[in-house]
Amino acid sequence: MDKPLRTHFSLIKLIAWTCIFLGLILFFSLHYPHSSPSNRLKYLEDSDWKYQILNSGRPKSRNGFRVLVTGAAGFVGMHVSTALRQRGDGVVGLDNFNGYYEKSLKRAREDLLKSKDVFIVEGDINDGVLLTKLFKLVKFTHVMHLAAQAGVRYAMKNPGSYVHSNIGGFVSLLEVCKLMNPQPAIVWASSSSVYGLNKKVPFSEIDRTDNPSSLYAATKKAGEAIAHTYNHIHGLSITGLRFFTVYGPWGRPDMAYFFFTRDMLKGKQISVFEGLNGFTVSRDFTYIDDIVKGCLGALDTATKSTGSGGVKKGPAQLRVYNLGNTSPVPVSKLVNILEKLLKVKANKVVSPMPANGDVLFTHANISLARRELGYKPTTDLQSGLKKFVAWYLDYYKPSGKKSSV
Ligand SMILES: NC(=O)c1ccc[n+]([C@@H]2O[C@H](COP(=O)([O-])OP(=O)(O)OC[C@H]3O[C@@H](n4cnc5c(N)ncnc54)[C@H](O)[C@@H]3O)[C@@H](O)[C@H]2O)c1
Ligand SMILES: O=C(O)[C@H]1O[C@H](OP(=O)(O)OP(=O)(O)OC[C@H]2O[C@@H](n3ccc(=O)[nH]c3=O)[C@H](O)[C@@H]2O)[C@H](O)[C@@H](O)[C@H]1O
C-alpha cells in the first residue's frame, strides 16, 4: 500500500478511536451523575441547584451566620442543621451519603432538612474543587465539621475509611478554609475516645491523650494535632468538641442503644460486654439535644480566623472541650431501661469485651465547657432513651411513615 493511502487509513483509525473515547465519556457522565468532581461542579453551576444552595445558605435573621455543616445527613449533623436554621442562620449541608449504615435513614434525614429549608450538597470532603466552589458561592462564616467515619469497632474492618474521611477529609477541608478571604471559623467533632486507656476520671481537657485504644480514636487525636498546625500556620480559628457517646431520635444504627432496641424487639440475643474480673463497662451517655446546645455555644463563642489566602495575620483561637453528661451509666443499666421502655425482657448474654478498640469507661469533666460555652446538659439517660424509643417505634412502624424531629 503506498504511503499516502497508509497515512489516510491511520488518520481514519485515529478519528474512529477518538469518537469511541468521547462517546464513552459522554455515556458515563450521563449515566453516573456526581461520579466525578467535574459532574459535581456542573451540579453546582446548574441554576436550579445554585438557587437552592444560595437560598439555603442565606441567613433569615440579620446577624445570622452562614454555616457549612459537613456530615449534615448524619445523626448529629441533621440535628445541628435543624437548630441552626430554626434560629435563623443560613445552613448548607455537605454529605457523601456513604453506606456505613442504611442510606435510607440518611435520605429520610435529608427530606426532613429539606422541609426546614436546608439543602444538602452530595459530595465528599476530600473533593477540594467542590469545596472551593461551595465556599465561593456561599461565603460561609462558619464550618460545623461533623463528616467523619464514626464508630470504634468498624475500624477493625475498614481502616481505610477512617484515614479517608477523618484525616484526608479534614486536611482537604482545612486546605480550602485557609485560602478563603475572609476565612471561616471552624468547629469540629473530636471524640471522648481520645482519652483511650486513661485511668483518671473524670476526663479533663488538660489530661494527656497519648493512649488511644482504637484507630478511630487515633484519627480523632490526629485531627486535634492537625487543627493545631492549621491554627498556628494559617490563623484558622478552630474549636474541637469531644462528644461522649451521643444518643437520641434519628440516631445511628451502629450504636449499641440503637441495635439493642432493634434486637430486643425481635427477641434476638444481645451481648453486654464486661471487663476483666467482671469489671462493669460504662459510658457517659449524652443526649443529642444537649450536644446540639454545646455545638451552638461553640459556634457563638468562636472568634474570627486571623488569616486570609493562607497568610496568617495574628494569633487565632484554638480550643478543645468535653461535651458529656458527667454521669456515666453501666451498659447493663442501659439494657434495663430499654427493657422497661420496650416492655420486653432482653435475651442477653454477658461476654468479655473483645479486643476491638472499645474502652471500659468514659466520664466527662465538663467544667470548661460550662464556663466558656454555657454548656449545661439537662437530659438523663432514662428521659433521653424514652424519646429515642418513641421515635424508633414511630419511624420503623409497619406503615413506614417517617416521624418528625
Ligand atoms: N454519635 C456519637 O456518639 C459521637 C461521639 C463522638 C464523636 N462523634 C463524632 O461526631 C460526628 C458526627 O457523628 P454522627 O454520630 O452524626 O455520625 P454519622 O455517621 O451519623 O454522621 C457522619 C456523616 O458524615 C458523612 N460522611 C462520612 N465521611 C464523609 C466524607 N468523606 N465526605 C462527606 N461526608 C462524609 C456520612 O455519610 C454521615 O452522614 C463525627 O465526626 C463523629 O466521629 C460522634
Ligand atoms: O464517645 C465517643 O467518642 C464514641 O461514642 C460512640 O462509641 P461507644 O461509646 O463505643 O458507643 P456504642 O458503640 O454505642 O457502645 C456503647 C457501649 O456498649 C458496649 N457494647 C457495644 C456493642 C455490643 O454488642 N455490646 C456492648 O456491650 C460498648 O462496649 C460500649 O461500652 C460512637 O459510636 C463512637 O463514634 C465514638 O465517637
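Counting starts at 1 for both ligands and their atoms, following the listed order. What you see is a predicted model; the values in this text were computed from it and never measured.
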Charged tip of Lys200 within 45° of Tyr195 ring normal and under 6.0 Å: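 No, cation not above the ring by the 6.0 Å, 45° rule.
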From the candidates [options], the one that places a heavy atom nearest [atom]:
atom: atom 12 (C) of ligand 1; options: Leu131, Leu146, Asn98, Leu323; result: Leu146
atom: atom 32 (N) of ligand 1; options: Asn126, Leu241, Asp127, Ile125; result: Ile125
atom: atom 20 (O) of ligand 1; options: Trp188, Trp250, Tyr216, Tyr101; result: Tyr101

[atom] [closest protein heavy-atom partner, distance rounded to 0.1 Å]:
atom: atom 34 (N) of ligand 1; result: Asn96 N, 3.1 Å
atom: atom 38 (C) of ligand 1; result: Asp95 OD2, 3.6 Å
atom: atom 1 (N) of ligand 1; result: Arg252 NH1, 3.3 Å

Regarding Asn365 and Asn322, do their side chains bring together a donor and an acceptor under 3.5 Å, going by distance alone?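 Looking only at side-chain atoms, Asn322 and Asn365 do not form any donor-acceptor pair under 3.5 Å.
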Between Phe244 and ligand 2, find which residue part has any heavy-atom pair under 4.0 Å and reply side chain, backbone, both or neither.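 Phe244 to ligand 2: backbone contact only, side chain stays beyond 4.0 Å.
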Would Glu110 and Lys103 pass as an ion pair if we require N to O under 4.0 Å?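 Salt bridge between Glu110 and Lys103, a charged N being under 4.0 Å from a carboxylate O: no.
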With a 4.0 Å heavy-atom cut-off (strictly under), which part of Val76 contacts ligand 1: side chain, backbone, both or neither?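 The part of Val76 near ligand 1 is both the backbone and the side chain.
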Applying a 4.0 Å heavy-atom criterion (strictly less than), which segment of Lys106 is in contact with ligand 1: side chain, backbone, both, or neither?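 The part of Lys106 near ligand 1 is the side chain, not the backbone.
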Heavy atom of Tyr100, distance to ligand 1 below 4.0 Å: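 In this structure, Tyr100 fails to qualify as a contact of ligand 1 - no heavy atom is under 4.0 Å.
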Is Ser305 reaching over with its side chain to a backbone N or O of Ser237, donor-acceptor style, under 3.5 angstrom?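 Confirmed, Ser305 side chain pairs with Ser237 backbone.
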